[in-house]
Protein chains: 2
Amino acid sequence: MTNIKKVSELAGVSTATVSRTLKMPDMVTARTKEKVMKAVREAGYRPSWLATSVKTGRTNTIVVLVPNLINPFFMRIIGGIEQAAQERGFTVLLCDTQGESKRESDYASMVLTNRADGLIQLDHSFPFNEDDAKLAETIPMVSVCERIHSDKRYPVVALDNYAASRALAHHLVSYGHTKFAVIVGQVVSQIHKDRLSGLRSVLAEENIEFDEDMIVGQSYSIENGIEGMRQLLEKPNRPSAVICFNDDIAIGAMHEIHRQGLRVPEDISVVGFDNVKVSAFMNPPLTTIDQPAYEMGRRGMEILSDVINGVPLTRSSEMLPFQLLERESSGPASI
Amino acid sequence: MTNIKKVSELAGVSTATVSRTLKMPDMVTARTKEKVMKAVREAGYRPSWLATSVKTGRTNTIVVLVPNLINPFFMRIIGGIEQAAQERGFTVLLCDTQGESKRESDYASMVLTNRADGLIQLDHSFPFNEDDAKLAETIPMVSVCERIHSDKRYPVVALDNYAASRALAHHLVSYGHTKFAVIVGQVVSQIHKDRLSGLRSVLAEENIEFDEDMIVGQSYSIENGIEGMRQLLEKPNRPSAVICFNDDIAIGAMHEIHRQGLRVPEDISVVGFDNVKVSAFMNPPLTTIDQPAYEMGRRGMEILSDVINGVPLTRSSEMLPFQLLERESSGPASI
DNA sequence: AGTTGTTTTGTTATCGATTACAGTAATTAC
DNA sequence: GTAATTACTGTAATCGATAACAAAACAACT
């Protein structure tokens with residue numbers, strides 16, 4: 001290993017001078033700078049990040065807890081996080097939690113073991129219990145994408161799911177739909193509640209009855225979309241419009257509709273959430289809610305950086321705007 | 001900060017004893033163990049990963065260079081890497097290179113700055129120049145998914161792209177296709193060469209002429225698939241079968257075919273590579289080559305772990321088996 | 001009891017940097 | 001030319017752990 005001592009001997013100076021040459025070049029004379037840089041080059045020296053971090057107490061690393069690396073929606077958020085992180089000199093440590101709480105608390109504790117300076121979580125599960133809650137108070141932490149149960153207080157960047165859900169509902173109502181169904185994702189979450197109540201509020205305003213039996217599903221996957229659609233099509237009164245709580249579910253739902261020989265949107269309209277890339281290129285292209293994923297990630301990282309640096313927060317929660325993308329998977333009600 | 005010294009005072013023992021209690025519990029008496037653990041709990045102490053790593057010289061971290069986080073195929077590989085990493089006590093640091101060589105060498109140098117113990121790259125670009133090449137010799141490194149130009153020698157886990165391409169070609173030939181086209185991805189890569197020569201070898205054996213003009217495209221994206229297909233459909237002699245060098249390209253190609261009022265596979269057969277999840281749920285489902293992505297990641301990590309631990313390698317290159325998935329985007333030639 | 005051997009614990013050097021403080025050289029002021 | 005600053009460099013403490021070595025405690029034996 002080429003360490004700072006070797007370089008200092010090679011250059012004929014003290015280790016302090018080597019460190020200063022590299023970290024505060026203005027403090028050394030041109031002559032010593034030259035000597036040191038030559039020795040650095042010759043030895044192929046690079047300062048140990050570990051040692052530097054131990055001494056300075058900063059890792060310039062943040063941890064991001066991702067429920068699922070394969071979901072392109074999360075990856076777009078992460079794109080925004082990485083961009084902002086890079087601008088601020090942070091490295092991003094991506095942690096796939098697979099939704100397992102053990103993994104989550106394992107990764108979260110990286111902040112406590114001086115492995116990272118802060119934490120961004122993309123789902124909402126940590127902290128889980130009293131112990132974790134106490135930890136969470138001391139950790140710089142930001143939640144992106146999911147609002148947290150009221151009593152915790154760390155910053156949140158999220159979408160107005162209630163309003164987005166209302167927008168989708170209005171869109172479908174304007175096409176004359178009255179027989180609605182919903183295929184949901186993870187049930188125990190604020191997102192779930194907000195979207196359902198958004199839908200309910202519109203239907204109530206429009207005096208459209210909503211059959212609670214028409215809520216199916218349990219996870220954000222294509223398979224869940226298929227299975228959910230299968231259940232819906234077994235019911236006596238077929239829905240004319242299906243709201244899927246993300247695009248993967250919608251893709252699965254459309255696949256099952258086609259498999260059973262029905263057409264989208266002529267027989268059934270399908271809409272989703274997230275606007276993942278591929279949704280625009282489905283057959284037919286999917287009507288969906290575009291979430292400003294990149295921007296959410298960006299803001300989340302900006303806020304976290306402030307928290308880490310002790311900058312006081314102006315507000316603890318930010319709602320970003322969404323956009324309804326009307327494509328061809330939704331159309332006039334047939335019945 | 002609660003450090004080991006505070007805990008040692010609280011427990012009335014030396015720091016060495018605290019360290020031993022946590023790392024080699026068999027070396028201390030039940031009584032001191034109890035005392036120490038009580039103090040640890042009271043202080044909420046966790047050993048600093050940084051300090052431990054400085055001292056031991058091991059970070060138990062590996063870096064993975066990913067060209068594109070949004071590509072689900074890479075994410076499947078990473079799933080395999082993470083699984084194997086976890087089993088061996090490694091943490092995975094995912095680095096999105098965006099195909100930029102500066103980012104790549106930045107991230108690669110993390111190994112040199114004691115930030116990680118080894119490196120897995122999913123594309124093939126590092127090392128780029130003489131300097132990097134010298135570095136690369138000293139870094140534990142494995143390449144997954146892309147074979148490297150002959151002269152570098154670090155281990156590789158890859159797919160037999162030549163054979164896979166031949167399998168696709170045979171499949172299409174057996175359907176009576178004679179007018180072939182190809183939409184390629186990144187051009188300067190071994191994958192590119194292997195797949196093209198696989199196709200050419202089959203066509204030569206079958207005495208089918210191949211028009212070099214029918215090779216279009218330049219990147220692994222949906223947009224490239226659309227644009228490539230547009231170009232192909234402008235040509236006087238429309239192809240009856242299009243081989244896309246990944247599923248994203250194929251998705252774009254199918255989209256463009258539909259947009260122009262043609263049908264898949266009745267008018268044009270489309271096949272892809274990778275078997276990303278969504279390809280099975282397209283309309284029609286996509287015929288593609290299933291790469292054992294998860295398994296490739298797994299093996300790559302296993303090999304890297306061996307390299308890091310100084311276990312001698314048995315062989316430097318592994319080819320994993322692929323599988324041709326015949327779905328509905330390919331069918332009999334119409335003309 | 002005294003000697004020897006085995007556990008267990010404490011002392012202290014170390015990992016590879018950074019930085020407060022001290023010391024020396026260079027510059028300016030009178 | 002000497003004193004007072006200023007600018008640079010070196011010495012040594014430090015960050016938070018681990019581990020080689022030394023010391024102490026305990027058990028087993030003659």
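Put simply, CG on B/L50 and CG on B/N114 are 11.5 Å apart, with the number rounded to the nearest 0.5 Å.
Following rounding to the nearest Å, A/R58 (CZ) and D/dG16 (P) show an atom-to-atom distance of 16 Å. Taking atom CE of A/M27 as the reference point, atom P of D/dT6 lies 15 Å away to the nearest angstrom. Rounded to whole Å, atom C1' of D/dC8 lies 12 Å from atom NZ of A/K35. Distance B/D26 CG to C/dT6 C1': 16 Å, rounded to the nearest Å. Here D/dA17 presents its P atom at 13 Å from CD of B/E9, a figure rounded to the nearest Å. At whole-Å resolution of the value, NZ in A/K33 and P in D/dC8 are 10 Å apart.
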Item to check | Derivation and outcome, salt bridge (Lys or Arg N to Asp or Glu O under 4.0 Å), residues B/E87 and B/R298 | outcome: CA-CA 10 Å; B/E87 287 166 11; B/R298 246 196 107 69; 3.1 Å; yes
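The closest donor-acceptor contact from the side chain of A/T32 to the backbone of A/V28 lies at 3.5 Å or more, if one exists at all.
The shortest distance between the side-chain N/O atoms of B/T32 and the OP1/OP2 oxygens of C/dT9 is below 4.0 Å.
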Under 3.5 Å, sequence neighbours excluded: what are the donor-acceptor pairs made by side chains of residues 15-24 of chain A?
| residue | atom | partner | partner atom | Å |
| --- | --- | --- | --- | --- |
| A/T17 | OG1 | A/S14 | OG | 3.2 |
| A/T21 | OG1 | A/T17 | O | 2.6 |

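Overall bending of the helix from C/dA1-D/dT30 to C/dC30-D/dG1, expressed as the angle between end axes built from five pairs apiece, is 50° (10° steps).
Between B/E34 and B/K38, none of the side-chain N atoms (NZ, or NE/NH1/NH2) sits under 4.0 Å from a carboxylate O, so this pair counts as no salt bridge. A salt bridge is defined here as a Lys NZ or Arg NE, NH1 or NH2 lying under 4.0 Å from an Asp or Glu carboxylate O, and B/R299 with B/E302 meets this definition.
Counting heavy atoms from C-beta on, the side chains of B/C145 and B/M296 come closer than 4.5 Å.
Side chains of A/Q291 and A/R76: a donor-acceptor N/O pair is absent below 3.5 angstrom, by distance only. Counted by atom type alone, B/S53 and B/R115 present zero donor-acceptor pairs between their side chains at under 3.5 Å.
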Next on the checklist: So if I define the base as every atom that isn't primed, P, OP1 or OP2, how would nucleotides 17-28 of chain C read as a B/S/- string at a heavy-atom cutoff under 4.0 Å?
Outcome noted: BBB---------
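Within the nucleic acid shown, A/V54 comes within 4.0 Å of at least one base atom, counting heavy atoms only.
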